[in-house]
Amino acid sequence: MTSFSDLGLNAALLKAVTSEGYTMPTPIQTQAIPPALTGRDVQGIAQTGTGKTAAFALPILQRLGASRARPAPKTCRALVLAPTRELASQIAESFRAYGRHTGLTVALVFGGVPKPRQTRQLAAGVDVLVATPGRLLDHLNDRAVRLDTVEVLVLDEADHMLDLGFIIPIRKIAALVPAKRQTLLFTATMPPEIAKLAGGLLRDPVHVAVVQVATTAERVTQHVVFVDTAAKRAALRGLLGKNGQGRTLVFTRTKHGADRVVKYLDEYGVPSAAIHGNKSQGQRERALAGFRAGTTRVLVATDIAARGIDVDDVTHVINFDLPNVPESYVHRIGRTARAGASGVAISLCGPDERPFLRDIEKLIRAKVPVMAAA
Ligand code: AMP
């Protein structure tokens with residue numbers, strides 16, 4: 001199995017990744033980081049939730065950190081374009097987190113807020129600029145920033161850019177970036193317009209892709225149980241009682257939630273263990289070993305911790321809480337459909353979680369069948 005250190009990342013980045021609680025690279029990271037580190041262009045098919053931000057942020061930080069050239073005033077060395085302010089903010093936050101030991105600077109510009117603060121940040125020059133296309137064009141028109149020193153250009157959620165009518169702004173921006181550059185493009189789907197855009201922007205790209213999440217969802221038998229929040233613990237116990245000897249992965253939204261579930265199950269004599277970011281490496285490994293060996297039938301995990309879990313025959317996934325990011329739902333239930341097997345996923349949905357369920361059903365393009373509470 002590949003670890004982050006096998007990917008060729010430097011010590012400053014490995015340290016940051018460890019403090020983020022990442023133990024293993026995700027598939028898109030394993031595929032995209034090595035070619036990106038060699039300077040190749042990358043075309044990636046991946047959705048949010050796959051770890052794609054680190055897949056492009058880590059190689060960029062390594063490249064920029066390798067030459068200590070300070071950016072000149074009003075310039076940037078890497079430009080990341082994202083369709084929405086939410087995504088742009090998340091990307092900037094990730095660059096700051098992964099780059100915290102590198103001394104590299106990150107600026108964020110998006111529309112809907114006054115410009116002067118952004119202009120001041122650009123004035124000094126930055127290593128990484130994360131921007132939505134419309135507001136970046138404004139700043140370019142104001143001559144608050146120039147793009148003639150950009151070494152790396154990233155387009156994230158390119159298909160969403162298309163939906164929002166950003167293709168022309170992107171072409172305008174790309175024309176201002178030197179032709180000799182590295183370009184990384186990520187998209188969840190590849191409609192013809194995006195294929196054309198990619199063809200024009202990328203040079204001999206490495207193609208990387210992770211499985212479309214919707215196909216996982218089709219292999220798992222899903223149910224939702226509507227319960228009051230206060231009745232969830234009893235409902236969980238009922239479900240575990242029915243599952244027999246299978247291996248069950250229980251998901252909670254928070255680390256504390258995971259600990260509370262373990263404590264509760266303990267009181268009822270159901271052996272379980274929690275795995276999340278506050279646990280030491282040793283604790284995590286012990287919990288996983290017990291789960292693999294079958295001595296701990298129930299593993300309670302948060303989304304992030306679950307990424308590194310590689311256990312093949314999980315028979316049941318129980319969502320104690322519904323995730324607020326719909327893609328996480330698909331990742332969660334996909335833990336029970338490894339290696340072509342099928343599985344069962346049951347979600348406990350409290351009254352305040354109905355909107356999350358609606359988002360999930362939109363993503364998987366199906367209604368999750370309702371099951372009566374135990
Ligand atoms: P993204 O698809 O980039 O939006 O990432 C989705 C989530 O996965 C974010 O919360 C990241 O912090 C998290 N993440 C990214 N890479 C890893 C990893 N290798 N291990 C665990 N979590 C990760």
Side-chain angles (χ1 to χ4, degrees), residues 21 23 220-325 328-329 331-338 343-354 356-357 360 368-374:
T23 48
V220 181
T221 308
Q222 303 165 62
H223 301 285
V224 61
V225 182
F226 293 116
V227 279
D228 280 336
T229 310
K232 279 192 175 187
R233 299 203 292 194
L236 172 66
R237 200 156 43 87
L239 290 172
L240 289 175
K242 280 197 218 151
N243 290 354
Q245 288 311 304
R247 276 202 188 91
T248 304
L249 196 52
V250 176
F251 282 95
T252 60
R253 218 160 27 230
T254 65
K255 299 167 193 170
H256 291 303
D259 287 334
R260 277 197 298 269
V261 167
V262 168
K263 202 163 155 240
Y264 172 79
L265 291 177
D266 203 40
E267 283 163 18
Y268 281 90
V270 181
S272 68
I275 177 164
H276 55 62
N278 285 359
K279 299 275 176 188
S280 69
Q281 186 67 18
Q283 286 172 318
R284 283 190 234 186
E285 275 163 18
R286 272 195 299 282
L288 265 180
F291 191 55
R292 277 204 195 96
T295 43
T296 319
R297 238 182 8 98
V298 183
L299 192 65
V300 187
T302 55
D303 289 294
I304 301 227
R307 298 270 159 120
I309 301 179
D310 189 28
V311 178
D312 274 343
D313 35 6
V314 174
T315 58
H316 291 73
V317 165
I318 299 180
N319 292 315
F320 188 79
D321 302 312
L322 279 183
N324 49 1
V325 178
S328 296
Y329 174 83
H331 286 289
R332 288 180 179 190
I333 69 169
R335 311 307 311 198
T336 168
R338 309 296 295 267
V344 178
I346 303 170
S347 302
L348 301 177
C349 178
D352 54 334
E353 293 175 308
R354 297 280 182 123
F356 299 159
L357 181 64
I360 289 164
V368 180
V370 179
M371 190 167 99

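Position 1 is the first residue of the sequence; numbering continues from there.
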**Q** Roughly how far apart are I333 CD1 and S347 OG, rounded to 0.5 Å?
**A**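 Output value for this atom pair is 8.0 Å.
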
**Q** Which atom names give the shortest non-hydrogen contact between T336 and T315, and what distance separates them?
**A**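 Scanning both residues completely, I find the closest heavy atoms to be OG1-O, 3.3 Å.
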
**Q** Would you check if the side chain of T252 reaches a backbone N or O of T254 as a donor-acceptor pair within less than 3.5 Å?
**A**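 Pair found, side chain donor or acceptor close to backbone of T254.
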
**Q** Return the OG1 to CZ distance between T23 and R284, rounded to the nearest 0.5 Å.
**A**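 T23 OG1 to R284 CZ: 6.0 Å, rounded to 0.5 Å.
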
**Q** With a cut-off of under 6.0 Å to the ring centre and 45° to the axis, is R354 in cation-pi contact with F226?
**A**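 Verdict for F226: a cation-pi partner in R354.
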
**Q** Check the pair L322, R332 against side-chain contact (heavy atoms from CB on, under 4.5 Å), reporting the backbone distance first and the verdict last.
**A** CA-CA 10 Å; L322 279 183; R332 288 180 179 190; 5.6 Å; no

**Q** In terms of side-chain heavy atoms, does H276 have a donor or acceptor partner in D259 at a distance below 3.5 Å?
**A**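 Yes, a side-chain donor-acceptor pair sits under 3.5 Å.
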
**Q** Can you list the residues that meet the side-chain hydrogen bond (donor to acceptor under 3.5 Å, both in side chains) rule with R260, with sequence neighbours excluded?
**A**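 Here no residue qualifies.
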
**Q** Could you please spell out the steps behind the side-chain contact (heavy atoms from CB on, under 4.5 Å) verdict for E353 and D321?
**A** CA-CA 8 Å; E353 293 175 308; D321 302 312; 3.7 Å; yes

**Q** Given side chains that start at C-beta, do those of T248 and V314 come closer than 4.5 Å, heavy atoms only?
**A**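 T248 does not reach V314 side chain to side chain.
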
**Q** Side-chain contact test, heavy atoms from C-beta onward, threshold under 4.5 Å: evaluate it for L357 versus V224 and give yes or no.
**A**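 The answer is yes; the side chains approach within 4.5 Å.
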
**Q** Check for a donor-acceptor pair, side chain of R247 on one end and backbone N or O of F291 on the other, with a separation under 3.5 Å.
**A**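 Checking the backbone N and O of F291 against the side chain of R247, a donor-acceptor pair under 3.5 Å is found.
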
**Q** Just so I know, are the side chains of D303 and Y329 near enough to count as touching, which here means a heavy-atom distance under 4.5 Å?
**A**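 Side chain of D303 against side chain of Y329, heavy atoms only: no contact under 4.5 Å found.
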
**Q** Would you say that L249 contacts H316 through its side chain, given a criterion of any heavy-atom pair below 4.5 Å between the two side chains?
**A**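 They are not in contact (no side-chain heavy atoms under 4.5 Å apart), so the answer is no.
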
**Q** Taking it one step at a time, do L236 and L265 satisfy side-chain contact (heavy atoms from CB on, under 4.5 Å)?
**A** CA-CA 9 Å; L236 172 66; L265 291 177; 4.2 Å; yes

**Q** Does the side chain of V298 come within less than 4.5 Å of L240's, by heavy atoms?
**A**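 Yes, at least one pair of side-chain atoms sits under 4.5 Å.
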
**Q** Search all heavy atoms of A287 against all heavy atoms of A273 and return the closest pair with its distance.
**A**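 So the two residues come closest at CB-CB, 3.9 Å.
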
**Q** Of the non-hydrogen atoms in Q222 and P369, which two are nearest, and what is the gap between them?
**A**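 Looking at all heavy atoms of both residues, the shortest contact is O-CD, 3.2 Å.
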
**Q** Check step by step if side-chain contact (heavy atoms from CB on, under 4.5 Å) holds for L239 and L348.
**A** CA-CA 10 Å; L239 290 172; L348 301 177; 3.9 Å; yes

**Q** Less than 4.5 Å apart, side chain to side chain, heavy atoms only: is that true for I360 and P323?
**A**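 A side-chain contact under 4.5 Å exists here.
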
**Q** Among residues at least two apart in sequence or on other chains, which ones pass side-chain contact (heavy atoms from CB on, under 4.5 Å) with Q283?
**A**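 K279, S280, R286.
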
**Q** Kindly indicate whether the side chain of V225, heavy atoms from C-beta on, has any atom under 4.5 Å from the side chain of V370.
**A**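 Sidechains of V370 and V225: no contact.
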
**Q** Compare every heavy atom of K232 with every heavy atom of V227, then report the nearest pair and how far apart it is.
**A**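 Scanning both residues completely, I find the closest heavy atoms to be CG2-CG, 3.6 Å.
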
**Q** Which pair of non-hydrogen atoms, one from V300 and one from V261, has the smallest distance, and what is that distance?
**A**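 Scanning both residues, the minimum pair turns out to be CG2-CG1, 4.0 Å.
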
**Q** Measuring from K263:NZ to Y268:OH, what's the distance to the nearest 0.5 Å?
**A**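 Nearest 0.5 Å value for the NZ-OH distance: 12.5 Å.
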
**Q** Are any side-chain N or O atoms of T296 and backbone N or O atoms of S272, one a donor and one an acceptor, separated by less than 3.5 Å?
**A**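 Such a contact is absent between T296 side chain and S272 backbone.
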
**Q** Any ion pair linking E267 and R237 (charged N to carboxylate O, less than 4.0 Å)?
**A**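 Answer for the salt bridge query: no.
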
**Q** With side chains defined as the heavy atoms from C-beta onward, is the minimum distance between T295 and P271 less than 4.5 Å?
**A**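 In short, these two side chains do not touch, never coming nearer than 4.5 Å.
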
